[in-house]
Amino acid sequence: MLLQEGTNTRISYLNLGDTLAKAVNIFMDLKIAIIPVLDRNGGLLSVFSRSSLYRAILDGATNKDIIDPYLIKEVISISDDVSDDQLADFVKVSSVGSVPVVNKEGKVLGLLCKANMVMTLFRHSELLNVQLKAILDSMHNGVIAVDGQGRVTHVNIGASRILGLKANTSLGQPFKELLPNLDLNSALIHGEVKIGLKYRHRHITMVVNITPLIIEGNIAGGIVIFQDLTDLEQAAKELETVKALNKTFDTVLNIIHDGIIAVDERGKTTLVNQAMADFLTLRPEEVIGKHITDVMETSRLHIVASTGVSETSDVLTIQGKPLIVSRLPIIREGDVVGAVGKAVFPQLAEVRELAEKLRFLENKVTFFQEELQKSKTAQDVLKSIVAESTEMKKLKEEITIVALSSSTVLITGESGTGKEGVAHAVHLCSDRCKGPFIKVNCAAIPENLMEAEMFGYVGGAFTGAAKAGKPGRIEMADGGTLFLDEIGDMPLALQSKLLRVLQDREFERLGGTKSIKINVRILAATNKNLNKAISEGEFRADLYYRLNVINLHLPPLRERAEDIEPLTHFFITKFNHILNANVMGIADNVMRILLNYSWPGNIRELENVIERAVNYTRSGLIQLTHLPNQILSNNSSRSQIVTGTIRHQDKIGRIERNMIVVALEKTGGNKTKAAKLLNLSRSRLYEKLNKYDLKD
């Protein structure tokens, strides 16, 4: 507030009975014009001014006389909550130079000096002028201000541009000489406001608004605003073009037989054509604004909008009908801002034929994949489980023992530790290895589809069900192994049905009455604390005890640092083959970084990091620049934990180096023979030679 800026809070006070000498000392020390006089309660009673002192001197008073006879009886004061406008009006009309400033309780807060307040108002006026000029110059429209005599006082940048005027030569000039065909008399003489006047100057058509400036009832000038119609006319033309394009676009969308639907980056539906709306049996306005999964549960359009990865020629079944769908990201200025999906409906015979061919090919691929998995031996699977740590070596031994049994196994461990690989190893090491290995991800299948997927259904069990019915995953696993991944996310309603399968080895299809006997071994996996889930009523205790006959626990990667280096080399070899790269290994300082990292995503995270690094490296050694930022920034968090591990690795490294040196000496430097002697591949030996600086 302006009052705070203009108030002098460095003051002293007088009381009744004080001497003139005290008043003189206050005047001399503080250089103030008046001194507030307070009553017994500290409230403002009167004031003693310099004029009061002069009267006392003229009356012949001495410095020992009291001030009481010379006090000003009628005290003018101002409240501390006065507004800026009220303060400015007070300063204009006040006849005194200084007044006390008091609060609501009547306490004196300071003195307001009229001269100081005038200077404060002047500074604020200058600031407002600067701000107003900046605002006017930032406007696209032209603005000219004139005084009461019609002389130009301000020309903004917009007016200079539109009218071709120069501000420095226009100021002070009569407006009618600069723009003779534009009359301001009605505004400057009669105070009339003119809006929307058409005016042409320098072959430019403008719309002009004229507004008088009225101060205290008097016309003090006027403001003239010019708007160039050229931009508006161009914008109007562009708007008409856009409208025409939108109409054409809308017509094209609704004339084609394919279904079109689009979403934004959050998966909210932004566009749908009539063909898609008709297929969904919804009105377009019932689709727009909803999340795509609320319209089509199995849609992946929101995933494409999130990842920016296209998905084309996919076969999707909606409402029991096969569709060929494609999903493409919408990219604007390099950023993914949404996705558009196209569905080819099965009305056309050639589309139905293509869908059947695709389904046939998918079935063939699935068959060959299953046959390929069957061709893997137990030894192949166990070799793929990299294990240098004591815990993992013990786990591999447990797998070979547990595989001989038919008991249920519960595999536990954090996400990304390799639970599915362990389940597959148990299956392939068992006498069921020739049978099917069927996986069910309990977290990935919607709850309303879970029962049909697990137990199958008979014909006509629900709307859209196949006439011949369909076997479930349990039935498909007969004679083999059923792997229930993320078992902790299985709905409670299905847990009781699964318990019956475990107890009686029989079940009924959805909608059926006939019990089906099965011979299946069940393996389950979870990263959840099932004991906690039981206590919270989210998992059945009896099912937990049936599943947890044998428990295989996978430790997190941070607890088996010995496996990090061999896993790294395993993944380098894997992605060299997949990406046709030639990465020779990893630099020592980078390996130390990987050993120091906590790996919250476990083996899956390590695999992703190495895949990224191989993509960037292509050849040579993986360096620090090939690692993602989160690995580098969080590296120090585990430095103390792995210090002992690094020392252990150093010892192993020294032993390994000595073994290579001895092998080279025995083979006379022949690296091929040395690699064979050490049971290493030639490329692996070269990697070790680089690592231990044993090249030539």
Side-chain angles (χ1 to χ4, degrees), residues 1-3 82-95 114 117-237 239:
M1 293 174 63
L2 292 176
L3 183 62
V82 67
S83 68
D84 290 348
D85 290 339
Q86 291 172 328
L87 178 61
D89 292 339
F90 176 82
V91 172
K92 289 177 186 177
V93 301
S94 176
S95 60
K114 185 175 181 179
M117 195 66 245
V118 169
M119 293 304 297
T120 300
L121 289 170
F122 181 71
R123 287 195 303 273
H124 277 264
S125 176
E126 284 187 326
L127 177 60
L128 287 173
N129 283 336
V130 172
Q131 291 174 337
L132 179 59
K133 186 178 183 303
I135 291 170
L136 291 175
D137 285 339
S138 66
M139 291 175 62
H140 182 71
N141 292 341
V143 178
I144 294 179
V146 298
D147 60 17
Q149 286 73 44
R151 293 187 177 274
V152 175
T153 59
H154 184 79
V155 177
N156 80 335
I157 294 174
S160 298
R161 172 178 48 81
I162 297 171
L163 301 169
L165 300 176
K166 293 183 179 179
N168 55 351
T169 59
S170 300
L171 297 180
Q173 298 295 317
F175 182 87
K176 61 183 179 181
E177 292 182 5
L178 299 176
L179 301 169
N181 298 324
L182 192 57
D183 185 14
L184 301 186
N185 287 336
S186 58
L188 298 181
I189 296 174
H190 305 293
E192 295 180 7
V193 177
K194 298 291 185 179
I195 302 294
L197 298 178
K198 267 216 166 182
Y199 180 68
R200 188 169 180 81
H201 180 75
R202 297 175 65 218
H203 308 293
I204 297 175
T205 304
M206 291 165 275
V207 172
V208 179
N209 296 336
I210 305 173
T211 305
L213 294 176
I214 300 176
I215 300 176
E216 296 181 354
N218 299 317
I219 299 173
I223 297 291
V224 187
I225 300 176
F226 303 84
Q227 184 173 7
D228 187 353
L229 287 182
T230 307
D231 293 341
L232 290 177
E233 289 172 352
Q234 183 62 32
K237 289 179 181 178
L239 182 60

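Model, not experiment: these values are computed from the prediction. Hydrogens, waters and symmetry mates play no part in the numbers below; they use all other heavy atoms, side chains included. Index from 1, following the sequence.
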Distance from [X] atom [atom1] to [Y] atom [atom2], nearest 0.5 Å?
X: Leu184; Y: Lys194; atom1: CG; atom2: NZ; answer: 11.5 Å
X: Asn185; Y: His190; atom1: CG; atom2: NE2; answer: 7.5 Å
X: Ile223; Y: Leu213; atom1: CD1; atom2: CG; answer: 4.5 Å

Please give me the minimum heavy-atom distance between [X] and [Y], naming the atom from each residue.
X: Ile210; Y: Ala187; result: CG2-CB, 3.6 Å
X: Ser170; Y: Leu165; result: OG-CB, 3.8 Å
X: Ser160; Y: Ala167; result: OG-N, 4.2 Å

(message) Testing Leu179, Val208, Asn181, Ile162 one by one against His201 for a side-chain contact (heavy atoms from CB on, under 4.5 Å), which residue passes?
(response)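 Answer after filtering Leu179, Val208, Asn181, Ile162: Leu179.
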(request) Could you check Leu163 against Ile144 for side-chain contact (heavy atoms from CB on, under 4.5 Å), going step by step and ending with a plain yes or no? (result) CA-CA 10 Å; Leu163 301 169; Ile144 294 179; 3.8 Å; yes
(request) Would you please test Ile204 and Met206 for side-chain contact (heavy atoms from CB on, under 4.5 Å) and show each step? (result) CA-CA 6 Å; Ile204 297 175; Met206 291 165 275; 4.0 Å; yes
Taking [Y]'s backbone N and O only, do any of them form a donor-acceptor pair with [X]'s side chain (distance below 3.5 Å, no angle check)?
X: Glu177; Y: Pro174; value: no
X: Asn209; Y: Gly196; value: yes
X: Asn156; Y: Val143; value: yes

(message) If you define the side chain from C-beta out and look only at heavy atoms, does anything of Pro212 sit under 4.5 Å from Leu188?
(response)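 Heavy-atom side-chain distance check fails, nothing below 4.5 Å.
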(request) Check whether any side-chain heavy atom of Leu182 sits under 4.5 Å from a side-chain heavy atom of Phe226, and report yes or no. (result)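 With C-beta onward as the side chain, the pair touches.
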